S.K.: 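So that we are looking at the same thing, I have put the structure below in structure tokens.
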Amino acid sequence: MMAMVATCCTHRHPYQPLHRITLAHRLRSDVPLHCSCPSSVRRHHPRHGLYPSANPAAVAASPSLRVYATVPVSSALSPAAAANNNHIIQCLCRQGNLRQAMKLLSLEANPTQRTYEALILSCARCRGNDASSFADTVHQRLVDDGYDQDPFLSTRLIEMYAEFGAVGDARQVFERTREKTVFVWNAMLRTLALAGAGEEALPLLREMVASGVSLDSFTYSFLLKACICVPSHFSLAFRRIREIHGHVFRYGFESQVHVATTLVDAYAKIGQVLYARRVFDWMPVKNAVSWSAMISCFTKNERSFEALQLFHKMMAEDTDQNHKSFPNSVTMVSVLQACGGLSALEQGKMVHAYILRRGLNSVPSVVNALIAMYMKCGNMESGRQMFDSISNQRDVVSWNSMISGYGIHGLGKEAIRVFQEMISAGIPPSPITFVSVLGACSHVGLVEDGKRLFNSMAREHGLVPSAEHYACMVDLLGRAGHLEEAGRIIEEMRIEPGPTVWGSLLGACRIHGHVELAERASSRLFQMEPKNAGNFVLLADIYAGAKMWEEVGRVKKLLEAQNLQKLPGCSWIEMKRNVYTFLSVDEMNPQIEQLHALILRLVMEMKETGYVPETNVVLYDLDQEEKERILLGHSEKLALAFGLINSGSGEVIRITKNLRLCEDCHAVTKFISKFAKREIFVRDVNRFHHFREGLCSCGDYW
DNA sequence: CTAGGGTTAG
């Protein structure tokens, strides 16, 4: 017997009952819209109802809604058809034919609540310039017809204005609605969260409580969203989230999956990993979304290792009783990010295999994440292969991933070529495209190309350069030694140079040992980011390079006075499908003596060929021997020694580091690549270093 | 009638 599959009579795909379609589905143009077949078909064609899709003849013979919807407006106006006008307007709206629907509305005497709902939804979905004028017309007409006190339609209107980002209009509707149901309140809160007006959410909540409406789980979700949409004040957001968390707990909403997941995400977004973890661990019921939220919390907070650990735990839970915890495409995107973050190619390949097994390999976001993962793991061939395999469905993210991927490998010309190919393919570049391509130029000193691309932003692509783009230019020029020109760019900027811009300049000063300019840049940076230890360390680094030890001490006192800590150096290496972590000066490591011995032996050999340790990168005013000892403890050297000991002689070694690779480690790794005949990939925060036969792919320019 | 996680850069 053929399976009975209910299909939509208009579109002939399996339908979703109307009440299951969320607003998000309705508003997203890429999601096929399902017409409300069960209700409308039953109502208007009682004899037909649902039919099995297995019978094509029946499908073809059956009247479809499209027949109604394409009735020309003039004939729809005949008295016989007039009764159907409401239905026709609704159909036109569902088909996105708002213009026709509006025409009919002007002639229809009695639009119903359902008709207004359809019109509002259609306006919200419409992306054209007409949308807001249509919206105003609908709104006005609705008021004239006395529907403005209908809380259901008020909710819809508020949601529509939220979609336009028109908080004021939403607020007006909200204020004028006398009977404020919990839906009305929630819609208003959601609007504030969406518009980034989180500040107004708490006062609104107080009003809501005062009005006597009882809060529901949706209220808490929107409230939490509102708290994290004000990015500048993490500590304030933290206090607020904890306060809301307290309420959630007190009123027993913590056990609700949606609320708890939003809490996890809220803590994640402000960097409070421990709090997120605590909520997650206490969740009585977890599903794929909660797991994904926690995994992405780890990746987003530079704790990819824990993200992978959690993913493995998630798969272990993936049993018959727990089928709701199946990893899905969103999970995979975060997991792939984690693999990329650690340059864990073997892990990445395993995840890729899992993706194929689960049939998630055709989801665009997953493919894009795969491209980025392979590029970040140093496997450009596989990245390119993935990119080529979607030649018909590349979006701006796919292109950006390739461009930045080539960039971090130091293949600037290749990155520019891909960029041009993208333009020829008619894909409009995004601001991120330019950050990527300018970054690619910067890595290899393609100054002229970079300037040309920067100028083309506004001229050819209608994009206004942001502070990030200026920072790219300052980096490009500064690195290449054009410090004065970099400084001029900052002076001539039309927008306020943010910390990224000054940071780039400071970085350039470090490379070229420009103390005076560094002092200027850092004083601006200290004002803007008083708590960013990295800036202080960079300045101290520059002083150390100039052997100005008193100044080094002064900067370090500044750090200590504020109780700020230098971000500890940390390296990862993947060996036999395991990821190992090394910290700088890693006394706890069980193999530490063996590792030190190996490094020491290699360094001795190197000294015979003329190597001199780069002790200037050590920020302590110690004697030479002590400095050299500190250099030996750098995390990347430990990881490298571990890799040499624990792998076969021909194997490629891949290491990732959380900071910039230091000069000494760079020199040592070059030597080892030749001496031990090893190919060694090291990815630092900025880019790849591919060591082979005593040379590095960066050409010592990094 | 409403809700939760994700893709590129720095």
Side-chain angles (χ1 to χ4, degrees), chain A residues 18-24 26 113-114 117 120-121 150-156 158-159 162 181-191 193 216-225 256-266 268-269 280 286-297 299-300 327-337 340 363-373 375-376 395-405 407-408 429-440 442 466-469 471-472 475 498-501 503-504 507 685-686:
Chain A
L18 185 62
H19 65 274
R20 291 288 309 277
I21 304 174
T22 61
L23 181 72
R26 293 177 183 210
Q113 187 199 44
R114 296 274 296 180
E117 185 199 13
I120 294 168
L121 284 170
D150 180 340
F152 175 85
L153 287 179
S154 291
T155 307
R156 289 298 197 213
I158 293 169
E159 285 164 357
T181 60
V182 69
F183 293 104
V184 176
W185 285 100
N186 287 349
M188 194 58 224
L189 279 171
R190 176 175 177 268
T191 307
D216 63 10
S217 61
F218 294 87
T219 315
Y220 286 110
S221 286
F222 295 138
L223 263 179
L224 286 163
K225 285 269 172 216
Q256 295 209 8
V257 192
H258 276 103
V259 180
T261 306
T262 319
L263 265 170
V264 169
D265 188 53
K269 293 264 156 69
F280 178 77
K286 298 181 178 77
N287 60 22
V289 182
S290 11
W291 283 94
S292 307
M294 195 60 227
I295 290 174
S296 107
C297 169
T299 37
K300 282 282 149 66
N328 58 24
S329 66
V330 179
T331 322
M332 300 326 294
V333 168
S334 288
V335 172
L336 287 169
Q337 269 184 295
V363 181
S365 60
V366 172
V367 181
N368 287 341
L370 277 167
I371 296 173
M373 183 275 289
M375 296 307 267
K376 284 185 182 168
D395 62 10
V396 65
V397 178
S398 335
W399 289 97
N400 291 352
S401 305
M402 276 319 275
I403 293 170
S404 75
I408 56 174
S430 69
I432 293 179
T433 313
F434 279 97
V435 173
S436 307
V437 74
L438 292 174
S442 183
S466 72
E468 256 77 45
H469 299 110
C472 287
D475 186 66
T500 47
V501 177
S504 297
V685 263
N686 293 322

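Computed from a predicted model, the values in this text were never measured in an experiment. In the text below, chain A, chain B and the rest are named by the order of the sequence lines, each starting its count at 1.
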S.K.: Separation of A/E159 atom CD from B/dC1 atom P, in whole Å?
M.R.: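 Computing the A/E159:CD to B/dC1:P distance gives 12 Å.
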S.K.: Look at all strands and tell whether A/D265 reaches a base, only sugar-phosphate, or nothing, counting heavy atoms closer than 4.0 Å.
M.R.: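 It contacts sugar-phosphate atoms only.
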S.K.: Taking N and O atoms by type only, does the side chain of A/S292 place a donor or acceptor under 3.5 Å from a partner on the base of B/dG5?
M.R.: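 By the distance-only test, yes, there is a pair.
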S.K.: I want to check one thing: is the phosphate of B/dA9, taken as OP1 and OP2, less than 4.0 Å away from some side-chain N or O of A/K376?
M.R.: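 Affirmative; the distance criterion is met.
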S.K.: Establish, from distance only, whether the side-chain atoms of A/T261 and A/H258 form a donor-acceptor pair under 3.5 Å.
M.R.: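 Per modelled atom types, A/T261 and A/H258 side chains form no pair under 3.5 Å.
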S.K.: Of the candidate nucleotides B/dG4, B/dA9, B/dT2, which contains the atom at the shortest distance from the side chain of A/T262?
M.R.: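 Within the option list, the nearest is B/dG4.
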S.K.: Rounded to whole Å, please give me the gap between CG in A/N368 and C1' in B/dT8.
M.R.: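 Rounded to the whole Å, the gap is 8 Å.
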S.K.: Suppose we screen for side-chain hydrogen bond (donor to acceptor under 3.5 Å, both in side chains). Which residues come up paired with A/T191, at least two apart in sequence or across chains?
M.R.: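 For A/T191 there are no side-chain hydrogen bond (donor to acceptor under 3.5 Å, both in side chains) partners, ignoring immediate neighbours.
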S.K.: Between P on B/dT2 and OH on A/Y220, what's the gap in Å once rounded to a whole number?
M.R.: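 About 21 Å, once rounded to whole Å.
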S.K.: Using only heavy-atom distances, determine whether the side chains of A/S430 and A/T433 contain a donor-acceptor pair under 3.5 Å.
M.R.: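 Yes - a donor-acceptor pair under 3.5 Å links their side chains.
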S.K.: Can you identify which nucleotide, out of B/dG5, B/dT7, B/dA3, has its nearest atom closest to the A/T331 side chain?
M.R.: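 Looking only at heavy atoms from C-beta outward on A/T331, the closest nucleotide is B/dG5.
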S.K.: Quick one: is B/dT8 close enough that its OP1 or OP2 comes under 4.0 Å of any side-chain N or O from A/S436?
M.R.: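 Checking B/dT8 against A/S436, no side-chain N or O comes under 4.0 Å of OP1 or OP2.
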S.K.: For A/V367, report the nucleic acid contact type (base, sugar-phosphate, nothing); a contact means any heavy atom under 4.0 Å.
M.R.: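 The answer is nothing, as A/V367 stays clear of every strand by at least 4.0 Å.
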S.K.: Would you mind reading off the distance between A/F218 atom CZ and B/dA3 atom C1', rounded to a whole angstrom?
M.R.: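 Nearest whole value for this atom pair: 5 Å.
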S.K.: Report yes or no: do A/S292 and A/T331 form a side-chain donor-acceptor pair below 3.5 Å?
M.R.: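 There is such a pair between these side chains.
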S.K.: Respond yes when some side-chain nitrogen or oxygen of A/K300 is under 4.0 Å from OP1 or OP2 of B/dT7, and no when none is.
M.R.: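 Answer yes for this pair, as a side-chain N or O of A/K300 is under 4.0 Å from OP1 or OP2.
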S.K.: From C-beta outward on A/V257, which listed nucleotide comes closest to its side chain: B/dA3, B/dG4, B/dA9?
M.R.: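 Taking heavy atoms from C-beta onward, the closest nucleotide is B/dG4.
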S.K.: Are the ring of A/H258 and the base ring of B/dA3 both nearer than 5.5 Å at their centres and tilted by less than 30°?
M.R.: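 The ring of A/H258 is stacked on B/dA3.
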S.K.: To the nearest angstrom, how far is A/K225 atom NZ from B/dG4 atom C1'?
M.R.: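 Rounding to the nearest Å, NZ of A/K225 and C1' of B/dG4 are 7 Å apart.
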S.K.: B/dT2, B/dC1, B/dG5: which one has an atom nearest the side-chain heavy atoms of A/N186?
M.R.: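 Among the listed nucleotides, the one closest to the side chain of A/N186 is B/dT2.
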S.K.: In terms of side-chain heavy atoms of A/F183, which of B/dC1, B/dG5, B/dT8 is nearest?
M.R.: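 Shortest atom-to-atom distance from the side chain points to B/dC1.
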S.K.: Which part of the nucleic acid, if any, lies within contact of A/S398, taking any heavy atom under 4.0 Å across all strands shown: a base, the sugar-phosphate backbone alone, or nothing?
M.R.: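 A/S398: no heavy atom of the nucleic acid under 4.0 Å.
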S.K.: If you measure from CZ on A/R190 to CD on A/E159, what distance do you get to the nearest 0.5 Å?
M.R.: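 The CD atom of A/E159 is 6.0 Å from CZ of A/R190, to the nearest 0.5 Å.
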S.K.: By the 4.0 Å heavy-atom rule, please label A/A288 as base, sugar-phosphate, or nothing.
M.R.: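 Here A/A288 touches the bases of the nucleic acid.
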S.K.: Which nucleotide in the set B/dT8, B/dG10, B/dA3 lies at the smallest distance from any side-chain heavy atom of A/S221?
M.R.: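 Closest nucleotide among those given: B/dA3.
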S.K.: Of all residues at least two apart in sequence or in a different chain, which pass the side-chain hydrogen bond (donor to acceptor under 3.5 Å, both in side chains) check with A/S154?
M.R.: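 For A/S154, the residues satisfying side-chain hydrogen bond (donor to acceptor under 3.5 Å, both in side chains) (neighbours in sequence not counted) are A/T177.
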S.K.: Of the candidate nucleotides B/dC1, B/dG5, B/dT8, which contains the atom at the shortest distance from the side chain of A/V289?
M.R.: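 In terms of side-chain proximity for A/V289, the closest of B/dC1, B/dG5, B/dT8 is B/dG5.
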S.K.: Please give, in whole Å, the distance from B/dC1 P to A/F222 CZ?
M.R.: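 My rounded result for the distance is 14 Å.
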S.K.: Base, sugar-phosphate or nothing for A/F434? Non-hydrogen atoms, less than 4.0 Å.
M.R.: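 Result for A/F434 = nothing.
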S.K.: I'd like to know if A/N686 reaches the base of B/dG10 with its side chain, counting only an N/O donor and acceptor under 3.5 Å.
M.R.: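 No, the side chain and the base share no sub-3.5 Å donor-acceptor pair.
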S.K.: In terms of side-chain heavy atoms of A/N287, which of B/dG10, B/dG5, B/dG4 is nearest?
M.R.: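 Selected nucleotide: B/dG4.
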S.K.: Taking atom C1' of B/dC1 as reference, at what distance in whole Å does atom CG of A/L153 sit?
M.R.: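 In whole Å, B/dC1 C1' and A/L153 CG are 10 Å from each other.
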S.K.: Is any side-chain nitrogen or oxygen of A/Q337 closer than 4.0 Å to OP1 or OP2 of B/dT8?
M.R.: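 Indeed, a polar side-chain atom of A/Q337 lies that close.
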S.K.: Looking at every strand, decide which applies to A/T155 at a 4.0 Å heavy-atom threshold: base, sugar-phosphate, or nothing.
M.R.: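 If one applies the 4.0 Å heavy-atom cut-off, A/T155 turns out to touch a base.
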S.K.: Just checking, is any N or O donor in the side chain of A/T219 or A/N186 under 3.5 Å from an acceptor N or O on the other one?
M.R.: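 Looking only at side-chain atoms, A/N186 and A/T219 do form a donor-acceptor pair, the distance falling under 3.5 Å.
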S.K.: A/S217 near the nucleic acid: base, sugar-phosphate alone, or nothing, with a heavy-atom cut-off under 4.0 Å?
M.R.: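 Counting heavy atoms under 4.0 Å across all strands, the contact made by A/S217 includes a base.
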S.K.: Using whole Å, report how far CG of A/D475 lies from C1' of B/dG10.
M.R.: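 Distance check: A/D475 CG to B/dG10 C1' gives 10 Å.
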